[in-house]
Amino acid sequence: MRRPFVYILITLFFGFAAGGLRALEFQLAWDRELGVMSPGHPASLGLIAVSILFFLLMLPLTRVRSKPTGERVASARHTPTYLTADILATVSLLVSACLDIDRYARLAEAPLSLLVFSLLTVFTSLCMLMLMRMTLRGVVDKAYGFYMTVPVFWSCFWLITEFAENSANPILLSYTYEILAIVFIVLAIYSMAGFFFDMPHTSRTLLYCVMGAFFSCITVLGPLLSYVFWQVWPVEGSANWAQFFRFLYATIHLLAAVYVLRGHKISQRAAAGGGQTAAPAPAEEESGGAL
């Protein structure tokens, strides 16, 4: 089995297990009438333990010796899988933007930040399409750097709005995993942008990607599994489908990045005048990743 799929399968396994624990936590430890979590509940402690275990497991697994330089070129035969995943991710992001715009139109006193965020989400989706065009060309360079910085601003704006909504919430366990997911999404997208400016950090990006996908799984699967098995949302009226689709986008996009980074799908090409011959692929312990 190829290494990138091992990373992806481990992340999904722990993500689904943690999502199930999150659903149990909502069902057994969450008091819907008072809106509080029972302190020290086994479901809560189990979820914390699984999260720490996953982090400690992935910390050494994502360590790779890599300092790729020059112009990175993606192998054309490996692009279909990556493009398929990112197309699905982009569709999820556009759906979230449409749902947010619809919500803004329906609310009597909707905050302007919701409309700004919705439009920024649409812009980010368009930039994703441009990055797919770059993937078809096979070359990662500074010419496409602008299209990678837009998702950075979008994710930072998402983190700010999410923190503002929960800043007065004293029940940390009700939103901690959601905030952690967005924090790692911001870090992952920021690290991905470094590959477009010849500042790649493969190990760091891999860790941020798997952690972002893991906490996104918890955030999406917790409420959904709670509703599927017990026919009730953890908090009445809390089904935020736009948020779910955003985290779905993050899960798919970050795992697709893991596939590229750890799958050694990248070779290097000499940047000096007219050198168009691809250099040998990186060694097994290295990763010349690009996004």
Side-chain angles (χ1 to χ4, degrees), residues 6-62 92 96 155 158-159 161-163 165-188 206-255 258:
V6 172
Y7 281 67
I8 293 169
L9 289 175
I10 291 175
T11 302
L12 291 177
F13 174 80
F14 275 88
F16 273 79
L21 285 172
R22 182 64 165 168
L24 283 175
E25 182 183 39
F26 279 136
Q27 179 63 24
L28 302 177
W30 179 253
D31 190 323
R32 293 183 182 84
E33 294 182 358
L34 299 178
V36 297
M37 284 281 189
S38 301
H41 194 278
S44 300
L45 297 178
L47 181 53
I48 293 172
V50 169
S51 301
I52 294 174
L53 177 62
F54 178 74
F55 176 77
L56 294 178
L57 175 65
M58 298 309 296
L59 192 60
L61 287 179
T62 53
S92 298
S96 74
S155 59
W158 184 14
L159 178 61
T161 56
E162 201 64 32
F163 182 80
E165 289 182 9
N166 292 282
S167 58
N169 187 350
I171 313 302
L172 294 179
L173 285 178
S174 66
Y175 65 91
T176 296
Y177 297 102
E178 187 173 323
I179 294 293
L180 284 173
I182 302 175
V183 166
F184 279 109
I185 290 168
V186 172
L187 293 173
L206 278 171
L207 181 62
Y208 295 155
C209 284
V210 295
M211 294 304 299
F214 170 75
F215 284 116
S216 294
C217 286
I218 295 177
T219 304
V220 173
L221 291 175
L224 287 180
L225 291 177
S226 179
Y227 181 79
V228 168
F229 288 106
W230 292 283
Q231 299 300 308
V232 61
W233 293 105
V235 180
E236 186 177 354
S238 65
N240 188 338
W241 291 104
Q243 190 83 315
F244 290 160
F245 277 104
R246 273 192 294 276
F247 282 115
L248 179 61
Y249 152 78
T251 302
I252 298 173
H253 180 55
L254 297 185
L255 292 181
V258 171

S.K.: Once rounded to the nearest 0.5 Å, what's the spacing between atom CG of Leu21 and atom CG of Leu24?
M.R.: 6.0 Å

S.K.: Under the criterion side-chain contact (heavy atoms from CB on, under 4.5 Å), I'd like the reasoning laid out for Ile10 against Met58: C-alpha separation, chi angles, the key distance, then a yes or no.
M.R.: CA-CA 9 Å; Ile10 291 175; Met58 298 309 296; 4.0 Å; yes

S.K.: To the closest 0.5 Å, what do you measure between CG (Leu173) and CG (Leu47)?
M.R.: 8.5 Å

S.K.: Please give me the minimum heavy-atom distance between Val186 and Ser155, naming the atom from each residue.
M.R.: CG2-O, 3.4 Å

S.K.: Between Tyr175 and Glu162 (side chain of the first, backbone of the second, donor and acceptor by atom type, cut-off under 3.5 Å), is there such a pair?
M.R.: no

S.K.: Search all heavy atoms of Arg22 against all heavy atoms of Gly222 and return the closest pair with its distance.
M.R.: CG-CA, 3.7 Å

S.K.: Main chain of Glu165, side chain of Asn169: is a donor-acceptor contact present, judged purely on distance under 3.5 Å?
M.R.: no

S.K.: Do the rings of Trp241 and Phe244 sit parallel, tilted or perpendicular, given the 30° and 60° boundaries?
M.R.: perpendicular

S.K.: What do you reckon, is OH of Tyr177 surrounded by more than 12 foreign heavy atoms closer than 6.0 Å?
M.R.: yes

S.K.: To the nearest 0.5 angstrom, please state how far the OG1 atom of Thr161 sits from the CG atom of Asn166.
M.R.: 10.0 Å

S.K.: Looking only at non-hydrogen atoms, find the nearest pair between Ala213 and Thr251 and report the distance.
M.R.: O-OG1, 4.0 Å

S.K.: Ignoring hydrogens, what is the shortest heavy-atom contact between Ala250 and Ser216? Give both atom names and the distance.
M.R.: CB-OG, 4.0 Å

S.K.: Taking the side chain as every heavy atom from C-beta outward, state whether Leu254 and Val210 have any atom pair closer than 4.5 Å.
M.R.: no

S.K.: Measuring from Leu12:CG to Leu255:CG, what's the distance to the nearest 0.5 Å?
M.R.: 5.5 Å

S.K.: For the residue pair Leu225 and Phe26, establish whether any side-chain heavy-atom pair is separated by less than 4.5 Å.
M.R.: no

S.K.: Determine the interplanar angle of the Tyr208 and Phe184 rings, folded into 0 to 90°, and report it as parallel if under 30°, tilted if 30 to 60°, perpendicular if over 60°.
M.R.: tilted

S.K.: Mind telling me whether Trp233 and Tyr227 have parallel, tilted or perpendicular rings, with 30° and 60° as the class edges?
M.R.: parallel

S.K.: Please check: side-chain N/O of Ser44 versus main-chain N/O of Gly40, any donor-acceptor pairing under 3.5 Å?
M.R.: no

S.K.: Going through the checks in order, is the side-chain contact (heavy atoms from CB on, under 4.5 Å) test met by Val183 and Phe215?
M.R.: CA-CA 10 Å; Val183 166; Phe215 284 116; over 6 Å; no

S.K.: When you look at Ile218 and Phe214, which way does the side-chain contact (heavy atoms from CB on, under 4.5 Å) test go after all the steps?
M.R.: CA-CA 7 Å; Ile218 295 177; Phe214 170 75; 3.6 Å; yes

S.K.: For Trp30 and Ser174: C-alpha separation, side-chain torsions, deciding distance, then whether side-chain contact (heavy atoms from CB on, under 4.5 Å) applies.
M.R.: CA-CA 9 Å; Trp30 179 253; Ser174 66; 4.0 Å; yes

S.K.: Quick one: CE on Met37 to CG on Leu28, what's the gap to the nearest 0.5 Å?
M.R.: 10.5 Å

S.K.: Could you state the interatomic distance from CD (Glu25) to CD1 (Ile48), rounded to the nearest 0.5 Å?
M.R.: 7.5 Å

S.K.: Mind listing the closest non-hydrogen atom pair of Thr219 and Phe247 along with its distance?
M.R.: CG2-CE1, 3.4 Å

S.K.: Return the minimal non-hydrogen interatomic distance between Val220 and Leu224, and the atom names on each side.
M.R.: O-CG, 3.2 Å

S.K.: Considering residues at least two apart in sequence or located in another chain, which fulfil the side chain to side chain donor-acceptor pair (under 3.5 Å) criterion with Glu178?
M.R.: Gln243

